[in-house]
A.B. asks: 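Below is a structure I'd like to ask you about.
Protein chains get the first letters and strands the later ones, always in sequence-line order, with residue 1 at the start of each. Values reported hereafter were calculated over all heavy atoms of this structure, with side chains retained and with hydrogens, waters and symmetry mates removed.
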Protein chains: 2
Amino acid sequence: MSEPTAAHEELEEAHAQIKNGIADTMDIYGVNRSVGQLYATLYLSDEPMTLDQLRDELGMSKGSMSLGVRKLLDEKIIHRVYRKGERKDLYQAEQDFFQFFISFFTRRWEREKNVNLHAIKQAQPRYKKIMEDTTAPDSVREEATYQYNKINESLQYYRFLDILVEEFEEGDLAQRLLEKHEAKKKEGS
Amino acid sequence: MSEPTAAHEELEEAHAQIKNGIADTMDIYGVNRSVGQLYATLYLSDEPMTLDQLRDELGMSKGSMSLGVRKLLDEKIIHRVYRKGERKDLYQAEQDFFQFFISFFTRRWEREKNVNLHAIKQAQPRYKKIMEDTTAPDSVREEATYQYNKINESLQYYRFLDILVEEFEEGDLAQRLLEKHEAKKKEGS
DNA sequence: CCGTTTGTTTAAAACAAATTAAACATTATG
DNA sequence: CATAATGTTTAATTTGTTTTAAACAAACGG
């Protein structure tokens, strides 16, 4: 380690500010701040890092690092990289925030869609059955009809989520939106 | 209360399934399940509900209901409604999932943008200062330059978040995407 | 093989978040 | 104005989540 110069301290402080911003961001989306810092540390590092380096940098246990790294790998916002002659696993942050955004949100939007379509698939037949049950009280049948129709309308929303995922993953929606707005800006000037 | 007929029980079960799906969804996005159930209950109710009704329905304390309802109001995914002759406050769920999506995510994307632009505004001058400090060690200056440039590139991403918010809030992006895909489907058939 | 290094799992502890009941504040009404 | 009804805040409790240290398992190199 080199002696800590003034410039070096300044660098560390700048790093800390960026890291905090990233950790806050993860927090906004319900990701544990420690995991956020883990990502931020990797993001700021120009080299891939090992579990031990992360442990030293963050001052936490190796077990925590192992868990945190796995979460981030699952989210596909960090990657395992290989380097010949290196025994330890190396991790590298996804550096492209657009890719981060896409991995992070499409995964969630898809889960949302699946969870709710599954629920709907189970509930719809029940509502239907009540609607067609002439022995059921009118109020109950009306209620069932109301819900049945409401759910049917909601299907449009899950279709939208599906499109959104596709457009981001394959359709390059992010880039298109940016370009469109660049064009508008030029036009307006 | 009417006697619980078979049809009525069936209705309750269907409701429970839909509610679970919604609560799971909120959970995905880091919102407390109880608050999720609160929203789900209001969503399924054809009438606006009072705190007491929610307390009875969910079997929780009034204090919890008060807190949960405030969170949902802050998120703008439920609304307070007024009815003449009613002393208690009445709450109604946003029924349009598109509107839910827009309220929920644009708020978060904006926070993300603000938090990070704030951090960047603080960190950038520090990196700059190091870059221009001829007394600083080369390795430190290189590192500062590297980060400075990386951050500059990231600004594009926050511009994207901004556009996304605008497009959803004002530009009707959701509807446009749906229509575009409807058209594609017809064309393909 | 054997010892060492590395990463993972686990059970316990520390910590944080949610929940409650009760006190408090506010508002409405007669 | 006094009372009752309603909603909010608070402090204590409960519950759930994170974190750790240590045990364990797997892989590696000699």
A.B. asks: From the list dT9(D), dG7(C), dT19(D), which nucleotide is the closest neighbour of the side chain of Asn32(A)?
C.D. replies: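 Closest nucleotide to the Asn32(A) side chain: dT19(D).
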A.B. asks: Among dT8(D), dT8(C), dT20(D), which nucleotide sits nearest the side chain of Arg70(A)?
C.D. replies: dT8(C)
A.B. asks: In this structure, how many angstroms lie between the P atom of dT18(D) and the CG atom of Leu38(A), rounded?
C.D. replies: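 Atom-to-atom, Leu38(A) to dT18(D), this comes out as 14 Å.
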A.B. asks: When you check the phosphate oxygens OP1 and OP2 of dT20(D), does a side-chain N or O of Ser64(A) lie under 4.0 Å from one of them?
C.D. replies: yes
A.B. asks: In terms of relative ring orientation, are Tyr39(A) and Phe100(A) parallel, tilted or perpendicular, with 30° and 60° separating the classes?
C.D. replies: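 Correct class here is perpendicular.
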A.B. asks: Just how far, in rounded Å, is P of dT6(C) from CD of Gln53(A)?
C.D. replies: 11 Å
A.B. asks: What is the distance, to the nearest angstrom, from the CG atom on Leu51(A) to the P atom on dG7(C)?
C.D. replies: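 For the pair Leu51(A) CG and dG7(C) P, the rounded distance is 5 Å.
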A.B. asks: Distance alone, cut at 3.5 Å: any donor-acceptor contact between the side chains of Gln95(A) and Lys150(B)?
C.D. replies: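 A pair is found: one side chain offers a donor N or O, the other an acceptor, under 3.5 Å apart.
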A.B. asks: From NZ of Lys71(B) over to C1' of dT8(D), roughly how many Å is that when rounded to an integer?
C.D. replies: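 Distance check: Lys71(B) NZ to dT8(D) C1' gives 15 Å.
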A.B. asks: Under 4.0 Å, heavy atoms only, any strand: does Asp52(B) hit a base, just the sugar-phosphate, or nothing?
C.D. replies: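 It contacts nothing in the nucleic acid.
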A.B. asks: Report the nucleotide, chosen from dT6(C), dA21(C), dT8(D), that has the shortest atom-to-atom distance to any side-chain atom of Ser66(B).
C.D. replies: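 Nearest to the side chain of Ser66(B) among the choices is dT8(D).
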A.B. asks: Counting heavy atoms from C-beta on, name the nucleotide in dT20(D), dT19(C), dG7(D) closest to the side chain of Met60(B).
C.D. replies: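 Ranking dT20(D), dT19(C), dG7(D) by closest atom to the Met60(B) side chain puts dT19(C) first.
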A.B. asks: Once you round it to whole Å, what is the distance between P of dA21(D) and NZ of Lys62(A)?
C.D. replies: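 Result: 13 Å.
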A.B. asks: Which listed nucleotide (dT8(C), dT20(C), dT5(C)) is nearest to the side chain of Arg87(A)?
C.D. replies: dT5(C)
A.B. asks: With no hydrogens and no angle check, do the side chains of His181(B) and Glu166(A) hold a donor and an acceptor under 3.5 Å apart?
C.D. replies: no
A.B. asks: Calculate the interatomic distance between Met65(B) atom CE and dT8(D) atom C1'; express it in whole Å.
C.D. replies: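 Result: 14 Å.
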A.B. asks: Rounded to the nearest Å, what distance is computed from the CD atom of residue Gln37(B) to the P atom of nucleotide dA18(C)?
C.D. replies: 14 Å
A.B. asks: What is the distance from NZ of Lys88(A) to C1' of dG7(C), rounded to the nearest Å?
C.D. replies: 11 Å
A.B. asks: What nucleic acid atoms does Ser34(A) come within less than 4.0 Å of, heavy atoms only: base, sugar-phosphate, or nothing?
C.D. replies: sugar-phosphate
A.B. asks: Are Leu42(B) and Tyr157(A) grouped together when hydrophobic residues (ILVMFWY) are joined by side-chain heavy atoms under 4.5 angstrom apart?
C.D. replies: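 Linked, Leu42(B) and Tyr157(A) end up in one cluster.
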A.B. asks: Could Glu10(B) and Lys129(A) be called an ion pair, given the rule that one side-chain N must be under 4.0 Å from one carboxylate O?
C.D. replies: yes
